[in-house]
Amino acid sequence: MKFKTRLRSSFAVKSSPFLLGLVLFYYLGDAGPPPQNYGHAPTVVSFPLFYLCAFAYAAASALAAWESGSIRKFGVWHWAPQRSRYRIAAESLMPVVLVSWSMLVLPVSLALVETSTLPTLASLGPLFEAMVLCVAHAVIGFAVGLYLPRSVSAPVLAVTTWIVIAFTISLDPPWLRQISGLCFEYLMFGEALTFSALWPPILLAGGVALAVAVLWMKNRFVAIPVALAILLTGVVVSYNEVKDRGYFPPMATGVTELSCAQSPGGTEVCMPKVTASALPRVARTSQSVLADLRSAGVERSPRLITDSLADGRYLRPSTDRVWRIPLTRAAAQNGERFQIVIAAVGFTCARPDPVLRRAVLEWVAGVTHTEREWQQAKARVEQERSSADAAATSMVQGVHRKTKAQQAKWFEESVHASCRRDG
Amino acid sequence: MTLELTECTYSYRRWRPAVLQDLSYSLPSGLTILLGPNGAGKTTMLKLAAGVVQPNNGEVKLDSLTSRDRRFRQHVAWMPQSVVAMPSLSSREYVAYVGWLKGMSRQAAWEKAAQALTRVEMLEHEDVKTSRLSGGQLRRVGVAAALVHEAEILLLDEPTAGMDPRQRRVFRDVLKELSGEVGILMSTHDVADLAEESDHVAVMQAGRLAFAGSTADFLAHAPAEVAPGRMAEAAYTALSESYAL
Amino acid sequence: MSMWWWMKARRTHSVVLSGLAISLLLSLTIGSEEVELPSLVSGMQQAVLTMFVPIPLVAALMVSLESRLPGIEASSVRRVGGWDALLVSATVGFWFALAAVSGSGVVAASARNAAFLAGLMLLARPWVGEAAVMVPVAWTMVVVAFNRRPAPDPEPWTILPEPASAPHAALAAAVLFGIGISSVMFISKDKS
């Protein structure tokens, strides 16, 4: 069949205006690039995918089930085709796969264009994973459509796939979401998913799809054991890989190009290239702070002062020689001097004595001429503490109005949720 | 009873060209063969006559009953071109169901179904689910379904498609038996159907009737030198060409 | 029973009953659960499963209604369209009856949603045929995408996530179901 005819006669293509329209609305609504993406390609790519990949899988499986049912209904299998059944199936699935891929590629492309970001190989990993999973879901949907009427298989698969995959984000144990194919929520600047994050869902869904395809072979004595072997391998290997994982998949950090400046004192100051417009100023400021400290008799000589923005969500601690400071955020508010001062203090524990801590910071703010910033920081902490107190009090008042069982449920869920928010 | 189509125009969608244009036809008694190329409007004409669809203009009447009247359908039997198998119904249940749809009581439909299946030599398959029948067997069940309620008018759309020669012979015998009692309009591509059994012929071309008359008048269109066994085919060809001009 | 063959033709005992049983079972077991789905307006939003549990029944009704003799039924003396309408009404009505007996708001909301989605499907059926079975699914997607307010106070137009006591949702479901049933009864579906 000609390609154009294939497209024209396909139910997938006829459904595409609705599906792609919904995708566009999602993109224009909430799935556009996150505000602080800094042009980081993995962030720009992952954000729309999170909203849409379960939707794309559901569309792929439902449309494939419909096409399969149509082929069965119109008696194609009874025409004794000369072409292999796999070829016929593949050609009928081609429009389905194209439509489901469009649902992923369109918002990602729009996001990249909107942020003027060039994609990198690392950034496209999640997109490729989702596209492969679309194919797997299409194959599974096609197989279901061989046996169930299309009026049943298509809607049931659409809803079931969508819900089951999207729901894994709420389920425990956390590894479920890492194997379901649900696209990861939000890659922060400097982060990128590693290959070990991408292959388990592909192995699981791909294993199921391949097993289902093998079962279609005419030689049942070969097909059944091979299919079982493929299925078991996919399930067992992918499960073993993810079973000990937490809520976040494996990621690489620092995945960004840095620009660096060498100060006369020998300290190198680095910021991500995309935010390095403030680098000269930050380098001068760091030199000034170190000079002020030296004048006060405090010797600090870091080898490297680098921006912690590229560390992603897991901030790495500073050491004596390497200081990791949120330089980009600080520079955006002209607050890089104070941040460098705090790094220079270098408390060696997570919770130093509060009185000593305050005294030290007050003194160092004085010698480095950052008293104003220190006072502002103190006022902010006080304000946040009282705001948090007010919000917490109001929440608890609402909780007290619930039944005992509901209160207990809220408690368990909130303990869990507070740690999830915290990562 | 006389079935009449009067200036019937029909299109499947209002914005599409009409499939039938000002068609007027009165079905005579006996067996009438309906010929015409693909897309000529034969099936549409049969559907109008059966009351399956209503003309955009004009009317279809059976004596005083119009095709919009539910009682009209009781007197008209219709076998569509495509006989759909019902996985949940056996052959006899299928035929009885059609009889019931045509207003027969349950008991009468069940009994007459067996008789109708016997006529088309399908009684031995009465308990077989229709989804398990071959194409030819299913068509015979479709014929039985058209015969079950003993209507005065029988409309058959390519009933012999998929039947082997012996089954065709049986089918023609049934028609011959019925043609004395009912008016039959049967579309076919098999000109041999025409040669042996029909009383009348109607030829459709591009939504209009190119010819309607006795079989003898139809065969008279064949060139004189044509062998007797090929006269029907030659007459049809001659008519088609003259109409096209 | 004189319409026994019609019931067999429509596969009421196999397909419709199975679809009804599955939907009812889902309604009784997980109907009150919520699932987080991506929304246009609030990142992730809780979607009540009462929105989705009627889908198996709606699909089964489509299979049943499409299991027919086109052409022959269009020239039938018996009012087959009426029987079809009765089938759909009885199925949905049974669900309402079960809701009344159980006293469960979740089952009642599911029954209302079944009526709404069945009506939507039947309304689309004369235009797009069997593909109308995807219209209820599309509606749930639109609701999830565009609803700005979570349960138990969603936006009024959404109907599906509304609690059983919402009068406007009941009215909308009744109206749509009525229109859908009318289309079954009166619109010819000759596809012979």
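These figures come from a predicted structure and were not determined experimentally. A note on names: the letters A, B, ... follow the listed sequences, proteins ahead of strands, and every chain is numbered from 1.
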Using every non-hydrogen atom in the two residues, find where [X] and [Y] come nearest and quote the distance to one decimal.
{"X": "C:Glu130", "Y": "A:Ser151", "value": "OE2-OG, 2.5 Å"}
{"X": "C:Ala131", "Y": "A:Phe11", "value": "CB-CE1, 3.6 Å"}
{"X": "A:Ala62", "Y": "C:Met134", "value": "CB-CE, 4.2 Å"}
{"X": "C:Val63", "Y": "A:Val152", "value": "CG2-CG2, 3.4 Å"}

From OG1 (C:Thr140) to CD1 (A:Ile163), nearest 0.5 Å: 7.5 Å
Contact class of C:Leu61 relative to chain A, heavy atoms under 4.5 angstrom: neither
Interchain contact, C:Ala138 with chain A, by part (heavy-atom threshold 4.5 Å): both
Atom CH2 of C:Trp157 with >12 non-hydrogen neighbours under 6.0 angstrom: yes
C:Phe96 CZ: over 12 foreign heavy atoms closer than 6.0 Å: yes
Quick one: what part of [X] sits under 4.5 Å from any heavy atom of chain C, side chain, backbone, both or neither?
{"X": "A:Trp66", "result": "side chain"}
{"X": "A:Phe18", "result": "side chain"}
{"X": "A:Pro155", "result": "both"}

Pick from A:Val156, A:Thr160, A:Val159 with the largest number of heavy-atom pairs that fall under 4.5 Å of chain C: A:Val159
